[in-house]
Trainee: 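Here you go, one structure.
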Amino acid sequence: MSEERSLNFLEEIVEEDIAAGKNGGRVLTRFPPEPNGYLHIGHAKSICLNFGLAQKYNGKTNLRFDDTNPTKEETEYVDSIKDDVKWLGFEWANELYASDYFDQIYEFAVALIKKGLAYVDDSSAEEIAAQKGTPTEPGTPNQYRSRSVEENLQLFADMKAGKYPDGAKVLRAKVDLAAPNMHLRDPLMYRIKHAHHHRTGDKWCIYPMYDFAHGQSDAIEQITHSICTLEFIPHRALYDWFIEQLELFPSKQYEFARLNLNYTVMSKRKLLQLVTEGHVEGWDDPRMPTISGLRRRGYTPASIREFCERIGVAKRENMIDVGLLEFCIREDLNKTAWRRMAVLDPIKCILTNYPEGETEIMHGENNPEVEGGDGSREFPFSRELWIEREDFMEVPPKKFFRLGVGLMVRLKNAYIIKCDDFVKDADGNITEIHCSYLPESKSGHDTSGINVKGTIHWISVPHAKTAEVRLYDRLFQVENPQNEDGDFKDYLNPNSLQILPTAYIEPDLANATPGKPVQFMRKGYFTLDKYSTADKLVFNRTVTLKDGWKSPPTP
RNA sequence: UGCCCGAUAGUAUAAAGGUAGUACAACGGUUUUUGGUACCGUUUGUCUAGGUUCGAAUCCUGGUCGGGCAACCA
């Protein structure tokens with residue numbers, strides 16, 4: 001606890017609690033997702049916070065599914081959530097479910113009824129809403145509020161027994177209908193839902209509301225620090241009230257500002273819409289801000305953890321620039337990804353003075369950032385090469401360190417070449433570039449004495465393998481789609497996915513596997529798509545390289 | 001117009017009454033067989049008006065702005 005980095009407000013709270021001897025210095029947090037969707041980068045922040053806090057203070061973290069609404073929750077989501085948390089690199093102490101506590105929570109409700117602090121209300125949802133009043137006017141009690149304990153006990157038991165249809169009755173806490181905090185105006189504790197639950201099946205037809213399940217689950221598990229997002233601040237008074245009335249373990253709730261990332265959306269509802277309406281391929285579409293999408297895109301767990309560390313945590317609303325996420329993945333991949341060559345937008349380059357039919361084997365280190373290059377690989381060189389179309393210009397501007405008639409570049413790990421000529425087809429498209437190579441300039445044995453500014457990547461035509469390459473851009477055209485007028489989907493970026501059906505890659509790339517990052521030199525970081533096949537290799541671009549080259553303004 | 005939370009460079013986040021710092025971004029430069037990396041440098045900030053104090057980003061009061069709260073969602 002002696003690092004230079006200053007503490008965030010949650011760490012301060014924990015350290016104060018430990019110093020005060022609260023809970024005997026014990027720290028137990030929980031990550032409590034509702035299994036109604038896939039986890040996204042915003043959840044990653046919460047995961048890193050909860051697990052990180054526990055790790056730092058020798059505590060533990062439970063994974064608890066907040067599964068109190070059977071109509072929205074599915075086992076598929078439970079499984080994906082577990083995968084994602086594990087993939088991020090965290091281990092939970094216990095895998096738990098709010099539904100594990102349904103019996104206990106039911107008994108808590110009975111106890112509250114017995115204390116005269118809960119009652120069965122026959123009113124409709126609309127009536128209850130009306131009777132709650134408004135923020136400026138107090139609510140008004142109805143005739144059900146004064147039901148006897150005995151009657152409430154019987155009615156609640158009947159609710160549980162399935163004697164009433166959905167919506168016929170609810171159980172409410174008797175708190176304060178005039179409270180300035182609307183959440184205290186006799187909040188609902190239980191509602192009737194004749195629905196199949198993914199874990200408890202048809203055992204229950206009444207289910208506790210969030211406010212009567214979350215804090216109770218925390219208390220049952222003896223969670224010391226229950227960390228949630230800002231919108232739950234008004235719930236805290238209720239959280240404390242239930243715990244106090246039921247005399248449970250006094251878990252404490254603390255709130256932080258959720259993550260917002262620009263050029264994307266983060267609500268599960270909106271993400272679900274993108275999936276169901278086919279705007280993306282699925283929850284794991286590489287453009288999605290989901291953990292599974294980021295994973296498929298090529299993001300590493302370490303980069304996401306680093307991102308969560310860097311964004312910090314506070315109580316003010318924030319909008320983080322995706323540029324920071326991209327910085328984090330580049331920083332990680334620069335140190336770990338092997339370098340390979342791939343030509344994404346090919347044009348043929350012929351070395352007119354290189355013998356036809358000859359092949360040389362060139363060598364390149366795997367990663368110059370690693371001591372010794374992290375080993376090396378071989379790749380063939382020949383008379384005909386694929387090079388990047390953008391590496392040639394018919395009329396090159398000043399400081400264009402690539403090809404143009406009369407200009408020289410180095411072919412990475414090979415020879416220096418000089419551009420002599422180019423060929424156009426009938427439509428005026430450039431189809432071939434003719435160069436001559438300098439035999440004495442071979443990498444490692446260069447006696448030419450010539451220094452060139454530019455180095456370009458290339459692939460030998462007869463040895464090239466092909467792959468499909470998918471380039472991704474931000475999903476939305478505006479920074480904050482949900483703040484714009486109209487439907488957020490009106491602001492989808494039509495060019496968020498660009499498919500290059502035929503890119504040429506060096507032979508060694510046949511060994512690529514999903515999740516193993518590779519840098520296509522000068523083009524960015526890529527990873528093999530999880531649905532790629534040996535027949536048809538598909539690479540996803542994780543992120544571009546930072547590009548310092550700015551073409552001069554064209555007058 | 002009730003209650004609650006918040007306000008520090010473009011974006012985040014520190015400074016617990018005592019030099020406003022860090023990161024990302026932007027811009028310039030050095031190095032470079034990736035216009036990458038690394039390294040060096042530059043620009044940019046305490047919402048506002050009062051008050052307390054020797055001294056205020058910090059404490060107090062008013063205002064302004066942003067967000068949240070009246071789901072049988074979590």
Side-chain angles (χ1 to χ4, degrees), chain A residues 4-8 12 32-34 36 66-69 71-73 98 121 123-125 128-130 132-139 166-172 179-185 188-193 206-207 209-211 213-214 228-237 255 257 262 268-269 310-321 323-328 330-331 334-335 339 341 364 367-369 399-402 409-414 416 441 443-444 446 451-457 519-525 544-551:
Chain A
E4 297 160 21
R5 209 180 71 78
S6 52
L7 302 176
N8 65 47
E12 281 178 9
E34 182 187 14
N36 67 343
D66 232 337
D67 55 350
T68 58
N69 186 353
T71 57
K72 287 168 65 180
E73 297 149 8
D121 192 326
S123 309
S124 68
I128 288 177
K132 277 191 182 179
T134 69
T136 49
E137 302 160 61
D166 289 6
K169 287 179 166 48
V170 292
L171 183 70
R172 288 226 259 169
N181 181 345
M182 297 296 290
H183 289 273
L184 260 18
R185 318 252 263 227
L188 272 60
M189 297 163 59
Y190 267 92
R191 79 287 216 185
I192 300 172
K193 266 184 200 261
I206 58 172
Y207 293 91
M209 301 288 292
Y210 166 86
D211 285 307
H214 199 99
C228 61
T229 47
L230 253 32
E231 66 268 27
F232 290 99
I233 288 175
H235 295 251
R236 190 173 60 226
E255 311 86 7
N262 58 10
K268 278 192 203 170
R269 205 192 100 252
R310 281 175 179 264
I311 57 177
V313 56
K315 298 189 74 161
R316 78 183 82 117
E317 304 283 341
N318 58 79
M319 174 71 77
I320 308 284
D321 194 319
L324 184 61
L325 222 205
E326 293 177 349
F327 168 82
C328 291
R330 284 192 190 106
E331 183 190 43
N334 177 49
K335 296 195 183 77
R339 272 57 169 173
M341 291 197 283
N367 187 345
E369 296 299 309
K399 294 195 182 170
F400 183 72
F401 304 139
R402 308 183 200 176
V409 296
R410 173 172 291 282
L411 295 171
K412 180 71 183 174
N413 296 125
I416 291 175
S441 66
S443 287
D446 191 342
N451 249 330
V452 292
K453 274 284 202 178
T455 300
I456 66 172
H457 57 282
Q519 183 193 105
F520 290 176
M521 296 193 73
R522 304 208 300 138
K523 298 312 294 181
Y525 295 99
T544 61
L545 256 27
K546 193 174 161 192
D547 191 3
W549 160 247
K550 274 165 273 313
S551 57

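Quick caveat, the model's predicted, so the values are computed rather than measured. Worth knowing before you read on, the calculation uses all heavy atoms, side chains too, and leaves out hydrogens, waters and symmetry mates.
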Trainee: Using whole Å, what does the distance between atom P of nucleotide B/A14 and atom CD1 of A/I311 come to?
Mentor: 12 Å
Trainee: Checking A/R191 now: which residues fulfil salt bridge (Lys or Arg N to Asp or Glu O under 4.0 Å) with it, not counting sequence neighbours?
Mentor: none
Trainee: In whole Å, measure the gap between the C1' atoms of B/C54 and B/G41 for me.
Mentor: 38 Å
Trainee: With sequence neighbours left out, write down each residue that passes side chain to side chain contact (heavy atoms under 4.5 Å, CB included) with A/N413, or none if nothing qualifies.
Mentor: A/F379
Trainee: Measuring only the C1' atom in each nucleotide, how far is B/A15 from B/A57? A whole number of Å is fine.
Mentor: 9 Å
Trainee: Return a single string for nucleotides 65-74 of chain B, one symbol per nucleotide in 5' to 3' order, where B is base contact, S is sugar-phosphate-only contact and - is none, cutoff 4.0 angstrom on heavy atoms.
Mentor: --S-SBSBSB
Trainee: Walk along nucleotides 25-46 of chain B from 5' to 3' and tag each nucleotide B, S or - by protein heavy-atom contact under 4.0 Å, base first, then sugar-phosphate.
Mentor: --S-----BBBBS---------
Trainee: How close or far is atom P of B/U8 from atom NZ of A/K315, stated in whole angstroms?
Mentor: 16 Å
Trainee: Considering only atom C1', compute the distance from B/C65 to B/A74 and round it to an integer number of Å.
Mentor: 29 Å
Trainee: Considering only atom C1', compute the distance from B/U46 to B/A14 and round it to an integer number of Å.
Mentor: 13 Å
Trainee: When the P atoms of B/C59 and B/U44 are considered, how many whole Å apart are they?
Mentor: 28 Å
Trainee: Could you tell me which residues satisfy salt bridge (Lys or Arg N to Asp or Glu O under 4.0 Å) with A/E34, sequence neighbours excluded, listed by chain and number?
Mentor: none
Trainee: Once ring-ring contact (aromatic ring centres under 6.0 Å, His included) is applied, do any residues pair with A/F327, and if so which ones, sequence neighbours excluded?
Mentor: none
Trainee: Could you work out, with salt bridge (Lys or Arg N to Asp or Glu O under 4.0 Å) as the rule, every residue matching A/R316, not counting sequence neighbours?
Mentor: none
Trainee: If pairs are Watson-Crick or G-U with both distances under 3.5 Å, what is the dot-bracket string of RNA chain B, marking crossing pairs with [ ] and pairs to another strand with |?
Mentor: .((((((..((((....[..)))).(((((.......)))))....(((((..]....))))))))))).....
Trainee: Would you kindly give the CZ-to-C1' distance between A/R236 and B/C3, to the nearest whole Å?
Mentor: 13 Å
Trainee: Once ring-ring contact (aromatic ring centres under 6.0 Å, His included) is applied, do any residues pair with A/Y525, and if so which ones, sequence neighbours excluded?
Mentor: none
Trainee: Quick check: closest heavy atoms across A/R330 and A/L545, and the distance to 0.1 Å?
Mentor: NE-C, 3.8 Å
Trainee: Does A/D67 reach the main-chain N or O of A/A98 with its side chain, forming a donor-acceptor pair under 3.5 Å?
Mentor: yes
Trainee: Please list, chain by chain and in numerical order, all residues satisfying side-chain hydrogen bond (donor to acceptor under 3.5 Å, both in side chains) with A/D166, sequence neighbours excluded.
Mentor: none
Trainee: Atom CZ of A/R316 to atom C1' of B/U11: distance rounded to whole Å?
Mentor: 11 Å
Trainee: Using side chain to side chain contact (heavy atoms under 4.5 Å, CB included) as the criterion, list what pairs up with A/P234, not counting sequence neighbours.
Mentor: A/N181, A/H183
Trainee: In whole angstrom, give me the gap between the C1' atoms of B/U13 and B/C4.
Mentor: 24 Å
Trainee: If you apply the rule side chain to side chain donor-acceptor pair (under 3.5 Å), what do you find for A/S443 with A/R410, and how did you get there?
Mentor: CA-CA 9 Å; A/S443 287; A/R410 173 172 291 282; 3.3 Å; yes
Trainee: Give me the distance, rounded to whole Å, that separates B/G62 from B/A23 when you measure between the P atoms they each carry.
Mentor: 39 Å
Trainee: Please identify each residue that fulfils salt bridge (Lys or Arg N to Asp or Glu O under 4.0 Å) with A/R339, with sequence neighbours left out.
Mentor: none
Trainee: Take atom P in B/C39 and the same atom in B/C5, then report the distance between them in whole Å.
Mentor: 43 Å
